[in-house]
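Report on one structure; see the data block that follows.
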Amino acid sequence: MIEPTGGLRLTDERGRGLTLAHDGTDLFRYVYGPWDPRLESPRPYFHPLRTLSGRLVSLYRPWDHVWHKGIAWSLPNVGAQNFWGGVTYYRDRGYVQADNNGSTVHNGFDAIETGEDRVAVRESLTWVASTGEPWFTERRGFGALVGPDGWTLAFTTEFTNVSGATVPIGSPTTEGRPNAGYGGLFWRGPRSFSNGRVYMEGRSGGDELMGERGGWLAYSGDHDEEDASSTLVFVDDSGGAPVRWFVRSGVYACVCPAPFFDVVRPVEPGASLSFRYAVTIADGDTGPDGAARIAAATAGITSTIIKEL
């Protein structure tokens, strides 16, 4: 157990998961030793996720998509492999359950750093194809910072092609299915968050914001059993052109900054891709102005939370 002085407590369930608590409230559990069947492309994930007041803002293994698990780094179209879970979308064939579900395997934690109001972790992983061969190695960083607007989850990834061949990464949209560009850091919200409010710079709405570009996107939903709302503000901290967002609010709540939404990115042998994101989890409905303020305050924050350990 690692306990810094600012009310944060990090507990390691050896071989299973890390749990971060703040003043007695569990903020997240990071499951690095998942027990999922191969069909669900086993990979580490954050669930449950809670606000500082303890309100649950994530969903695990919903019946409609059992491979959705809280927040997870998940990619559906990695060459011939699926690191998302379940079926794969093929041009002119549609969704097919193929024997191609890979897994993302935790190798170990390279470093864990704690401070008065933050925790940061460095992790090494391997993407293992359904054939048992390693395709990518990954250096991942994640951490948390408690602030006045809630708490922020930082997530960074750099993954390197070790397969010996060029691996194109895309999405169902690059295979021909419109508005299905999911893949990346994917969040699935609670059932009660359906028909929530979506905020972007200068825009508010719902499903019609699917595929829009922007540096940030926020989702506010309502909780069952209590008169309360919560908001998650997602910031693409990777730099470069504004990302396209995969977002749904009608049938269910989900958000994903989707770097492969409509573009196939070939990764040459030995080449790497890297991405950085911040997700602030706040009690209450911030509204569009509050979400914009949080997004501005957290731009560049991943380098503050996850330093070179």
Side-chain angles (χ1 to χ4, degrees), residues 11-19 26 28-49 56-90 93-109 121 123-138 140 142 155 157 159 161-163 167-172 175 177 180-191 193 246 248 251-256 258 260:
T11 304
D12 188 359
E13 311 162 54
R14 300 294 182 183
R16 183 65 78 189
L18 295 174
T19 298
D26 289 349
F28 70 68
R29 185 185 189 211
Y30 179 70
V31 177
Y32 60 85
W35 50 90
D36 310 315
R38 188 167 69 86
L39 184 71
E40 298 174 21
S41 293
R43 60 204 181 279
Y45 58 86
F46 297 91
H47 176 84
L49 287 152
L56 182 67
V57 294
S58 62
L59 186 64
Y60 170 76
R61 207 171 179 272
W63 62 264
D64 51 69
H65 296 77
V66 294
W67 46 88
H68 289 181
K69 296 177 171 77
I71 289 181
W73 182 255
S74 310
L75 297 174
N77 295 80
V78 182
Q81 291 291 304
N82 178 332
F83 291 92
W84 173 272
V87 295
T88 301
Y89 190 86
Y90 296 97
R93 295 175 62 195
Y95 280 110
V96 176
Q97 183 56 66
D99 184 20
N100 69 338
N101 291 108
S103 58
T104 305
V105 178
H106 166 83
N107 298 327
F109 294 116
V121 178
E123 182 184 17
S124 298
L125 308 102
T126 302
W127 302 11
V128 180
S130 58
T131 58
E133 301 167 332
W135 273 34
F136 288 85
T137 57
E138 180 184 356
R140 177 177 297 186
F142 63 89
F155 182 92
T157 178
F159 48 96
N161 182 356
V162 296
S163 71
V167 178
I169 301 179
S171 72
E175 281 290 308
R177 186 187 176 205
Y182 53 82
L185 191 67
F186 184 88
W187 165 76
R188 179 69 186 262
R191 292 283 181 188
F193 275 33
F246 182 89
R248 285 181 173 163
V251 178
Y252 54 77
C254 69
V255 172
C256 173
F260 313 102

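All of these numbers come straight from a predicted model, not from anything done at the bench.
Atom CD of Q97 is separated from atom CG of L39 by 4.5 Å, given to the nearest 0.5 angstrom.
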Could you walk me through whether W127 and R43 satisfy the side-chain contact (heavy atoms from CB on, under 4.5 Å) test, starting with their C-alpha distance in whole Å, then the side-chain angles of each, then the deciding distance to 0.1 Å, before giving a yes or no?
CA-CA 9 Å; W127 302 11; R43 60 204 181 279; over 6 Å; no

For S130 and Q81: C-alpha separation, side-chain torsions, deciding distance, then whether side chain to side chain donor-acceptor pair (under 3.5 Å) applies.
CA-CA 7 Å; S130 58; Q81 291 291 304; 3.1 Å; yes

Mind running ring-ring contact (aromatic ring centres under 6.0 Å, His included) on F83 and F136 for me, showing each step along the way?
CA-CA 11 Å; F83 291 92; F136 288 85; 7.4 Å; no

Could you walk me through whether S41 and N101 satisfy the side chain to side chain donor-acceptor pair (under 3.5 Å) test, starting with their C-alpha distance in whole Å, then the side-chain angles of each, then the deciding distance to 0.1 Å, before giving a yes or no?
CA-CA 5 Å; S41 293; N101 291 108; 3.3 Å; yes

Run the numbers on V31 and H47 for side-chain contact (heavy atoms from CB on, under 4.5 Å), then give the verdict.
CA-CA 7 Å; V31 177; H47 176 84; over 6 Å; no

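Annotation for W135 and A80: closest pair CH2-N, 4.2 Å, computed over non-hydrogen atoms. In terms of heavy-atom proximity, N82 sits nearest to V87 at ND2-O, 3.2 Å. Scanning all heavy atoms of the two residues, the minimum distance from R140 to W73 falls at NH2-CB, 3.6 Å. Nearest heavy atom pair, residue L56 against residue P190, reads O-CG, 3.6 Å. What you find for G183 and P76 is that their closest heavy atoms are CA-CD, 3.7 Å. Heavy-atom minimum distance, P44 versus L125: CG-CD2, 3.6 Å.
Between T88 and R93, the closest side-chain pair of non-hydrogen atoms is not below 4.5 Å. Between S74 and Y45, the closest side-chain pair of non-hydrogen atoms is not below 4.5 Å.
When the side-chain contact (heavy atoms from CB on, under 4.5 Å) test is applied to H65, the partners found at least two apart in sequence or on another chain are W67, H68, R188, Y252. For W187, the ring-ring contact (aromatic ring centres under 6.0 Å, His included) test picks out Y219, F234, with sequence neighbours left out. Looking at residues two or more places apart in sequence or on another chain, you find a ring-ring contact (aromatic ring centres under 6.0 Å, His included) between F260 and F275.
Screening F46, Y32, F155 against F142 for a ring pair (Phe, Tyr, Trp, His ring centres under 6.0 Å) leaves a single residue, F46.
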